[in-house]
Enquirer: 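My structure is below; once you've seen it, I'll send some questions.
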Amino acid sequence: MAEETAPCEHLEFLKDRHICFFERCLKILPERYCSLETSRLTIAFFALSGLDMLSALHMVDKTSIIEWIYSLQVLPTEDKSNLDRCGFRGSSHLGIPYNQSKDNGSHHLYDSGHIAMTYTGLASLVILGDDLKRVNKEACLAGLGALQLEDGSFYAVPEGSENDMRFVYCATCICYMLNDWSGMNTQKAIEYIRKSMSYDSGLAQGAGLESHGGSTFCAIASLCLMGKLKEVFSEKELNRIRRWCIMRQQNGFHGRPNKPVDTCYSFWVGATLKLLQIFQYTNFEKNRNYILSTQDHIVGGFAKWPDSHPDALHAYFGVCGLSLIGESGVCKVHPALNMSIRAFQHLQHLHQTAETQGQDQQSESMPDYT
């Protein structure tokens, strides 16, 4: 006689451990993170947004972190000769003089912004409640525009690098947060996204490449932020994308067919399904059990697989994956912009305030013909 199947164990979400993990990421990191020195700003984003998602942002010194982020802004020199290299760098590894974005930038042959660091830098400032008034918007958008290629994709840095869907997403988020789309040719970016749809209806990093959960998220989220999703894809095409995404669930989610399940895809694929309005048809219990099976019970954080070391990226996206299924104690995540709804509402307030001030200034400059 076959053994009776034991009921699924209800795993506990160790919220306090995860708060400690993210706090630690802002203070000290293991030796294996040394190779990520130039991406330190992105690690800070994972930790800050993770704490925000767990309603624990009050535990950090917001003011000092805001000043540190502004010190990483690549500012125009007095003659603006480096305008096409501006944005945010990932850390102070070049030894550039400390500048809290209150003076002109200083020239350095190898200094430039990085598109992902500009995205995570701006997002971190929004999460911390900053007003973005020290962001040199003109310079950031000029630096961003210089990274776009003829096919609509983006380099990460001016010297050239990989160019794929990840950086299209970063560019879209930057323009959305700055509330100014002059930094990118959106039509070319849309054409790049369309050409990246694969034969199986998933979206790839570029034309002719393999469909992937991460690039599908980047493409769909970018179109949603542009407000162009239903203009670019027909309902029939959207249904095919939905089918491809929903088939990525095993217990958790994987990023490609025949690949292992990985914690981060509970967000990448889950958020895509949320944007496509069919996330409710996934199996929440299996997804939750997989995510929680990867949490570290001692130091906190999540790994990509069970019995593996936790890291900042998977810890953050594990929390975001739990947010999508409505886990108690986790704030709601904005599925396109990849930050808490609270932070998104702060960004909306900044946009509304700027628009109101702009209208007031325009009214003052208008002659009175009455």
Side-chain angles (χ1 to χ4, degrees), residues 33-46 49 69 71-76 82-94 96 105 108-125 135-137 139-178 180-186 188-193 195-196 203-207 209 212-219 221-222 225-226 255 264 268 312-313 316-317 337-338:
Y33 281 83
C34 286
S35 61
L36 299 175
E37 164 62 26
T38 57
S39 303
R40 187 182 290 190
L41 186 50
T42 294
I43 298 171
F45 163 76
F46 292 144
S49 198
I69 293 171
S71 77
L72 299 177
Q73 185 172 195
V74 179
L75 294 163
N82 68 333
L83 202 60
D84 60 351
R85 301 176 65 83
C86 292
F88 283 78
R89 62 180 85 85
S91 73
S92 54
H93 60 282
L94 283 175
I96 304 295
H108 189 291
L109 183 62
Y110 301 109
D111 192 25
S112 68
H114 184 292
I115 195 168
M117 305 307 135
T118 303
Y119 157 52
T120 53
L122 290 172
S124 296
L125 288 171
V135 173
N136 190 316
K137 185 174 171 181
C140 278
L141 293 170
L144 180 63
L147 297 174
Q148 190 167 22
L149 304 181
E150 193 59 36
D151 67 359
S153 65
F154 286 79
Y155 281 143
V157 290
E159 292 79 12
S161 67
E162 304 161 301
N163 57 293
D164 53 49
M165 200 66 73
R166 296 171 300 171
F167 303 140
V168 173
Y169 173 69
C170 289
T172 303
C173 289
I174 291 165
C175 290
Y176 187 91
M177 286 188 282
L178 293 178
D180 189 329
W181 294 91
S182 64
M184 67 186 291
N185 185 321
T186 54
K188 284 187 176 181
I190 287 169
E191 289 170 7
Y192 183 83
I193 291 171
K195 289 176 181 176
S196 298
L203 288 117
Q205 294 284 18
L209 301 177
H212 190 278
S215 50
T216 299
F217 165 80
C218 289
S222 294
L225 291 170
M226 292 178 194
C264 65
W268 298 127
L313 182 150
Y316 174 60
F317 287 118
L337 206 51
N338 185 22

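If you read the sequence from its start, that first residue is 1, and numbering goes on from there. In what follows, every heavy atom counts, from backbone to side chain, and hydrogens, waters and symmetry copies are set aside.
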Enquirer: So which heavy atom on A139 is nearest to which on P76, and how close?
Expert: CB-CG, 3.6 Å
Enquirer: With under 30° as parallel and over 60° as perpendicular, where do the rings of Y119 and F45 fit, or are they tilted in between?
Expert: tilted
Enquirer: Can you tell me how far CG of L72 sits from NE2 of H93, rounded to the nearest 0.5 angstrom?
Expert: 10.0 Å
Enquirer: Mark yes or no for whether D84, through its side chain, and A142, through its backbone, hold a donor-acceptor pair below 3.5 Å.
Expert: no
Enquirer: Verify whether one side chain among Y192 and N185 offers a donor that lies under 3.5 Å from an acceptor in the other.
Expert: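 Absent: no donor and acceptor within the cut-off.
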Enquirer: Quick one: side chain to side chain donor-acceptor pair (under 3.5 Å) partners of S182, sequence neighbours excluded?
Expert: D180
Enquirer: Taking the side chain as every heavy atom from C-beta outward, state whether Q73 and C140 have any atom pair closer than 4.5 Å.
Expert: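 Side-chain contact under 4.5 Å: yes.
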Enquirer: Testing the basics here: between G113 and P158, what is the closest heavy-atom pair and its distance to 0.1 Å?
Expert: O-CD, 4.0 Å
Enquirer: Please determine whether side-chain contact (heavy atoms from CB on, under 4.5 Å) holds for the pair S153 and Q205, giving the CA-CA distance in whole Å, both sets of side-chain angles, and the decisive distance to 0.1 Å.
Expert: CA-CA 10 Å; S153 65; Q205 294 284 18; over 6 Å; no
Enquirer: Looking at every heavy atom in both A171 and L144, which two are closest together, and how far apart are they?
Expert: CB-CD1, 3.7 Å
Enquirer: Restricting to non-hydrogen atoms, name the atom on A189 and the atom on Q148 that form the minimum distance, rounded to 0.1 Å.
Expert: N-NE2, 4.0 Å
Enquirer: Under 3.5 Å, is there a donor-acceptor pair between the side chain of S215 and the main chain of L203?
Expert: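 Checked: pair present.
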Enquirer: Going from CD on E191 to OG1 on T186, what distance comes out if it is rounded to the nearest 0.5 angstrom?
Expert: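 Here the interatomic distance stands at 10.0 Å.
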Enquirer: Working to the nearest 0.5 angstrom, can you tell me the gap between E159 CD and Y110 OH?
Expert: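 Answer for the CD-OH pair, E159 versus Y110, is 9.5 Å.
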Enquirer: Exactly one of D151, L147, I115 should register a side chain to side chain contact (heavy atoms under 4.5 Å, CB included) with N163. Which one does?
Expert: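 Of the listed options, the one satisfying the test is D151.
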Enquirer: Look at the side chain of R89 and the backbone N and O of T38, then say whether any donor-acceptor pair between them is shorter than 3.5 Å.
Expert: no
Enquirer: Starting at OG of S124, measure out to CZ of F46 and round the result to the nearest 0.5 Å.
Expert: 10.0 Å
Enquirer: Please report the C-alpha distance between C264 and L313 in whole Å, then the side-chain angles of each, then the deciding distance to 0.1 Å, and finally whether the side-chain contact (heavy atoms from CB on, under 4.5 Å) criterion is met.
Expert: CA-CA 8 Å; C264 65; L313 182 150; 4.1 Å; yes
Enquirer: Report the C-alpha separation of I43 and L36 in whole Å, then their side-chain angles, then the decisive distance to 0.1 Å, and conclude whether the side-chain contact (heavy atoms from CB on, under 4.5 Å) test is met.
Expert: CA-CA 9 Å; I43 298 171; L36 299 175; 3.9 Å; yes
Enquirer: What residues form a salt bridge (charged side-chain N to carboxylate O under 4.0 Å, His left out) with R40, not counting sequence neighbours?
Expert: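 Expected list: E37.
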Enquirer: How many angstroms lie between CG in D111 and CG in L94, if you round to the nearest 0.5 Å?
Expert: 5.5 Å
Enquirer: For the residue pair C173 and L337, establish whether any side-chain heavy-atom pair is separated by less than 4.5 Å.
Expert: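 Yes - at least one pair of side-chain heavy atoms lies under 4.5 Å apart.
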Enquirer: On a heavy-atom basis, which atom in Y169 and which in S222 lie closest, and how many Å separate them?
Expert: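 Looks like CA-OG, 3.3 Å.
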Enquirer: Using side-chain contact (heavy atoms from CB on, under 4.5 Å), reason through F88 and I174 one step at a time and then give a plain yes or no.
Expert: CA-CA 11 Å; F88 283 78; I174 291 165; over 6 Å; no
Enquirer: Got N136 and C86 here, is their nearest side-chain heavy-atom distance under 4.5 Å?
Expert: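 In short, these two side chains do not touch, never coming nearer than 4.5 Å.
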Enquirer: For atom NZ of K137, is the number of surrounding heavy atoms from other residues, nucleotides or ligands below 6.0 Å larger than 12?
Expert: yes
Enquirer: With heavy-atom distances below 4.5 Å as the criterion, would you say the side chains of I193 and V168 are in contact?
Expert: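 In contact.
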Enquirer: Parallel, tilted or perpendicular for W268 and F317, by the 30°/60° rule?
Expert: tilted
Enquirer: Would you compute the distance between atom CE of M184 and atom SG of C170 and round it to the nearest 0.5 angstrom?
Expert: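 Between atom CE of M184 and atom SG of C170 there are 11.0 Å.
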Enquirer: Measure the shortest side-chain to side-chain distance between T172 and W181 over non-hydrogen atoms and say whether it is less than 4.5 angstrom.
Expert: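 A side-chain contact under 4.5 Å exists here.
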